[in-house]
Amino acid sequence: MMITLLFFAHLQEAIGQERIEMQYVPQTVKELKQQIETRYGIDLRHVMVAVNEEYAREEQQLKPGDTVAFIPPVSGG
Amino acid sequence: MSEPLFMITEKPISIEKVIQKVIRPEAGAITTFIGTVRELTNGKRTLFLQYEAYVTMAEKMLAQIGKEIREKWPEAKVAITHRIGKLDIGDIAVVIAVSTPHRNDAYEANRYAIERIKQIVPIWKKEHWEDGTEWVGNQLETKAYPTGKPEGEDFI
């Protein structure tokens, strides 16, 4: 049972990986963000989260098999 | 037509190909927006830009912008291609083509598309200067919240 985490742009550089398989599934997006902040010493306050390619709220529940992407403020165009 | 209406590519964008996707008999107007790599930003000289995307989601979000446009301007047809990878000064980063029966809607819908790209599409650019690099996205004007979904403690 695991979830896949994806990191982009400066987060990818800060963490040093673009993809992490996490063996434990936190209950919510908020809980996951807090764990990642603590583990990697990064600030995710302005970072959006997408679960399975859909933007998700902090209170969204996570389940095994989810792909969770951390999306810093975008700068396309 | 083999290429999708909404796509991310690593290759140079053909403006003509994007326009071709929206040409149709009902259209009396086609507007194009062409976003290019600028050399000077606030007096600082850019050497080149590196664009990165969460490609699968970015293409979905571009398609969502197309859907939003059809809700606001039902007669509009939209095609958007965004390039990623290393882009030099003057290179084309994004092309948006909108066709409508009348010109006003084509202008408005096209403007809407580029503003939404800067809000919800997971694409990032890294500035490369002579004296360093930085991922763009921490300025207020590019800080993004998707519609109705503010995130982060500063917004709760």
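Protein chains get the first letters and strands the later ones, always in sequence-line order, with residue 1 at the start of each.
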Do you know which of A/Gly76, A/Ala69, A/Ala9 has the most heavy-atom pairs under 4.5 Å to chain B?
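Between A/Gly76, A/Ala69, A/Ala9, the count favours A/Ala9.
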
Quick check for you: among B/Arg83, B/Gln50, B/Glu52, which has the greatest number of heavy-atom pairs under 4.5 Å with chain A?
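If we count pairs closer than 4.5 Å to chain A, B/Glu52 comes out on top.
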
Compute the centroid of each ring, for B/Trp124 and then for A/Phe8, and state whether the two points are separated by less than 6.0 Å.
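Here the rings of A/Phe8 and B/Trp124 have centres that are less than 6.0 Å from each other.
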
May I ask you to check whether B/His82 and B/Phe6 place their ring centres under 6.0 Å from each other?
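Ring centroids of B/Phe6 and B/His82 are no less than 6.0 Å from each other.
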
What part of [X] gets within 4.5 angstrom of chain A, counting heavy atoms only: side chain, backbone, both, or neither?
{"X": "B/Ala53", "value": "backbone"}
{"X": "B/Tyr54", "value": "both"}
{"X": "B/Lys125", "value": "both"}
{"X": "B/Ile114", "value": "side chain"}

A/Glu18 atom CD: more than 12 heavy-atom contacts under 6.0 Å:
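No - once you tally the heavy atoms of other residues, nucleotides and ligands closer than 6.0 Å, there are 12 at most.
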
Taking B/Glu71 first and then B/Lys67, would you say they form a salt bridge - that is, a charged N and a carboxylate O separated by under 4.0 Å?
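Counted as a salt bridge, because a side-chain N and a carboxylate O are separated by less than 4.0 Å.
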
Matching residue for A/Val49 among A/Ile71, A/Val68, A/Leu32 - test: side-chain contact (heavy atoms from CB on, under 4.5 Å)
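Passing option: A/Val68.
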
